[in-house]
Amino acid sequence: MTKRQPINLYEYEKLAADLIPHPEWDFVEGGATDEITVRRTRDAFDSIMLRPRMLVDVDQRDLTTTVLGEKIDFPVMLCPAGHHGRAHSEGEIATVRAANEMNVGMILSSGSSVVMEDVASASTRPIWFQQYFYRDRAMTELMAHRAEESGYSALCVTLDASVQSKRERNIRNNYTGLSTPNYDGMGNEEDFSVRSTYRPSSDDAPTNVSGLVSPKVTWEEFGWLASKTDLPLIAKGVMTAEDAQLAVDHGVKAIIVSNHGGRSLDSTFATIEVLPEVADIVNGRAEIYIDGGIRRGADILKAIALGADAVLIGRPIFWGLAVDGSDGLKHLLSILRDELDSTMGLCGKPDIQSIDRTVVGRKSPLLDLI
Ligand SMILES: Cc1cc2nc3c(=O)[nH]c(=O)nc-3n(C[C@H](O)[C@H](O)[C@H](O)COP(=O)(O)O)c2cc1C
């Protein structure tokens, strides 16, 4: 690390902006159309206030928890996000090293810069794999099979990117995306024709993959996939109680409340706004994680208070990697951990289990008075 070390995630973001080439930076930071969801997802955290309790013994604080039975040191995981190579030459190898050393979860994107088998063998702790429901079921099955064979311990299926969104920064930059080694040599003839007719700009999946994702499948596809793999299935992109109920009905073990960081559909609610309705309907039948705009330890506490078992970070992965590779990402994660630790202590919450809805409020007490 040269010069002054960043002290929060926003300082990492500022530094990274000067290190990642402009079109790539716009790809990472940007969202769909007016980026209303990007802003709302972040701002909603700031509108939630804390209700701290005093004289609770918080001398010993325990931030550890489990996700699908795997212990992590604090309730943070790394989102599936395509091509870490755009931030650092080691790509996801640097990422997995940071996740290992900080003992947090990681979900590898099917659009990674490094082939999934190599990332799995570089990992010393359980990691999960993200894929899609493809038009070609054989491809869905093959990706799941490769993930299982190479040692991933859960399969995350992303549901909210089966139709291309309009990302105006990418259109303006004429950004054509990157290809991923995970799909090399895959696909039938029809897929190849999809590849050649790809219109640049929008999916997180690299150029030759976005057309392969099926806009046709329905919830039954989870039952079919469960019959093809022993891995627990996670549904990423749930934004309503109705879909959370369907996800549980179709056997998923965990739900990620996500709006794809505002990169898919614009004008959705913030994820933190819909988390309570999801948590209420799921009622302990599946684990619940949330992503989108998590930038402070207090955001993590707010998410847990409103029903999440853990949170994920997306764009900050690129910031940490760009600034100082694996060490940068490790340091960025340690900032989140330390902020969560002090926020828990100051709120009178000695461990993750003690964080409940009474610690957050949104309506000013003054509204009842004046
Ligand atoms: C550059 C980039 C690439 C992404 N690629 C994927 C992907 O391949 N699969 C996926 O499910 N989500 C992908 N996402 C979405 C993230 O998993 C996550 O939902 C979102 O980034 C969370 O919001 P945050 O960036 O505000 O933390 C990507 C996000 C970014 C920023």
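In this text, all values refer to a predicted model and were calculated from it rather than measured experimentally. Whatever order the structure lists ligands and atoms in, that order sets their numbers, starting from 1.
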* Which of the atoms in ligand 1, numbered in the order shown and given with their element, are less than 4.0 Å from a heavy-atom of Thr158? ->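 Listed by number with element, the hits are 10 (C), 11 (O).
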* Pull out every atom of ligand 1 sitting under 4.0 Å from any heavy atom of Arg315, numbered as shown with elements. =>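 Selected atoms, number and element: 23 (O), 24 (P), 25 (O), 26 (O), 27 (O), 31 (C).
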* To do: Look at atom 23 (O) of ligand 1 and find which of Gly292, Ser258, Gly314 reaches it with the closest heavy atom.
  =>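 It is Gly292 whose heavy atom sits nearest to atom 23 (O) of ligand 1.
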* Among Asp291, Asp299, Thr271, which residue places a heavy atom closest to atom 18 (C) of ligand 1? ->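 The residue whose heavy atom sits nearest atom 18 (C) of ligand 1 is Asp291.
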* Tyr132 to ligand 1, any heavy atom closer than 4.0 Å ->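 Tyr132 counts as a contact of ligand 1 under the 4.0 Å cut-off.
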* Asked: Is there a heavy atom of Val28 sitting under 4.0 angstrom from any atom of ligand 1?
  ->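 Heavy atoms of Val28 do come under 4.0 Å of ligand 1.
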For ligand 1, which is the ligand I care about here, please tell me if [X] has any N or O atom under 3.5 Å from one of the ligand's N or O atoms.
| X | value |
| --- | --- |
| Pro80 | yes |
| Gly293 | yes |
| Lys236 | yes |

* Asked: Would you say the side chain of Asp309 lies within less than 4.5 Å of the side chain of Thr65, judging by non-hydrogen atoms?
  ->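 SC-SC contact between Thr65 and Asp309 ruled out.
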* Can you check whether Lys236 reaches Asp291 side chain to side chain, under 4.5 Å on heavy atoms? ->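 Yes, their side chains come closer than 4.5 Å.
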* Asked: For His88, which residues count as a ring-ring contact (aromatic ring centres under 6.0 Å, His included) partner, sequence neighbours excluded?
  ->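 Testing His88 for ring-ring contact (aromatic ring centres under 6.0 Å, His included), a comparison that skips the adjacent residues, returns none.
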Report, one line per pair, each donor and acceptor closer than 3.5 Å where one atom sits in a side chain of residues 68-79; sequence neighbours left out.
from	atom 1	to	atom 2	distance (Å)
Glu70	OE1	Trp128	NE1	3.1
Glu70	OE2	Ser153	OG	2.7
Asp73	OD1	Asn103	ND2	3.0

* Side chain or backbone of Arg263 under 4.0 Å from ligand 1, or both, or neither, by non-hydrogen atoms? ->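 Arg263 to ligand 1: side-chain contact only, backbone stays beyond 4.0 Å.
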* Asked: How does Arg295 reach ligand 1, if at all, at less than 4.0 Å between non-hydrogen atoms: by side chain, backbone, both, or neither?
  ->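 The side chain, only.
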